[in-house]
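These notes concern the structure reproduced below.
For the single chain, residues carry numbers from 1 onward in sequence order.
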Amino acid sequence: MRTLSKYIVKEIVGPTFLGFCFYTFVILMNTLFKMAEMIIRRSLPASTILKLLALSLPHIVVLTIPMALLFGVLIAIGRLSSDSEIIAMRSVGGSTRVIYRPVFYVSFAVFVLNLVVMNFVTPWGNTAFQSLTAEIFSSSVEREIRPRVFYDEYPNRVIYVNDVSQSGEWSGVF
């Protein structure tokens, strides 16, 4: 790789990484606030909360990678343009194609990374997240169910238990 290409890639990578961290943090905090009721109501341990956040990361990363790349390219090219470095590169004989070729290569590498994350990692993460969430809900239902009280926490479902024995068995479930 030529020195000019390395320089342009280095200018893109810094803002892209910063944008990735920022966007991921913002969307992750939004996810955490949406899960806050479930976390507080069931008094989940920190390890379960971290596991929930980690399993929601693939879905978030698929969104933030393209945004971060756009942010990084705009900042890098804008800075090169404002410092007149693009004019200097063109004055020494570099064509526009040579200047923007590293941008294309970085964009293609990020595209392949996002494609892999979207097709392989995200489905696994979503499945694991849904199963952990269902496990959290179902484990807490047994403790929260009281006899002769309607329990409507599940969407489109209402649970009514007529009696709960000393061993925890339900009878008269509707």
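Between the CD1 atom of Ile49 and the CG atom of Leu32 there is a distance of 7.5 Å, given to the nearest 0.5 Å. In this structure, the separation between CG on Leu28 and SG on Cys21 is 11.5 Å, given to the nearest 0.5 Å. Distance check, rounded to the nearest 0.5 Å: CZ of Phe129 to OG1 of Thr31 gives 7.5 Å. The CD1 atom of Ile60 lies 7.5 Å from the CG atom of Leu53; values are rounded to the nearest 0.5 Å. Atom CZ of Arg2 sits about 8.0 Å away from atom CZ of Arg101, to the nearest 0.5 Å. Between Thr16 atom OG1 and Leu69 atom CG the span is 5.5 Å, to the nearest 0.5 Å.
Inter-residue side-chain proximity for Gln130 and Leu55 is flagged as unmet; no heavy-atom pair is nearer than 4.5 Å. For the pair Pro45 and Thr48, the minimum side-chain heavy-atom distance is below 4.5 Å.
Taking hydrophobic clusters as Ile, Leu, Val, Met, Phe, Trp and Tyr residues chained together by side-chain heavy-atom distances below 4.5 Å, Val121 does not share a cluster with Leu115. Hydrophobic clustering (ILVMFWY, side-chain heavy atoms < 4.5 Å, transitive): Val13 and Ile8 are in one cluster. There is a path of hydrophobic side-chain contacts, each under 4.5 Å, that joins Trp124 to Leu52. Put simply, Met67 and Phe22 are part of the same group of oily side chains (I, L, V, M, F, W, Y) that touch within less than 4.5 Å, one to the next. Hydrophobic clustering, with ILVMFWY side chains joined whenever heavy atoms are under 4.5 angstrom apart, keeps Phe111 apart from Val9.
Between Gly72 and Pro15, the closest heavy-atom pair is CA-CB, 3.7 Å. The heavy-atom pair separating Glu85 from Tyr7 by the smallest distance is OE1-OH, 2.6 Å. The minimum heavy-atom distance between Pro58 and Thr122, with the atom names listed, is O-OG1, 3.5 Å. In terms of heavy atoms, Val62 sits closest to Val117 at CG2-CG1, 3.6 Å.
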Next on the checklist: Between Met89 and Leu80, does the side-chain contact (heavy atoms from CB on, under 4.5 Å) criterion hold? Intermediate values first, please.
Outcome noted: CA-CA 10 Å; Met89 290 175 199; Leu80 291 173; 4.2 Å; yes
Checklist entry - Passes side-chain contact (heavy atoms from CB on, under 4.5 Å), Tyr100 versus Ile86? Steps please. => result CA-CA 10 Å; Tyr100 289 113; Ile86 292 180; 3.8 Å; yes
Checklist entry - What's the verdict on side-chain hydrogen bond (donor to acceptor under 3.5 Å, both in side chains) for Thr64 and Thr24, showing C-alpha distance, side-chain angles and the deciding distance? => result CA-CA 6 Å; Thr64 59; Thr24 303; 3.1 Å; yes
Checklist entry - Can you check side-chain contact (heavy atoms from CB on, under 4.5 Å) on Tyr23 and Leu63, steps first, answer last? => result CA-CA 9 Å; Tyr23 292 137; Leu63 298 173; over 6 Å; no
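Arg90 CZ: 12 or fewer foreign heavy atoms inside a 6.0 Å radius.
Put simply, the side chain of Ser81 never gets that close to the backbone of Gly78: no donor and acceptor are under 3.5 Å apart.
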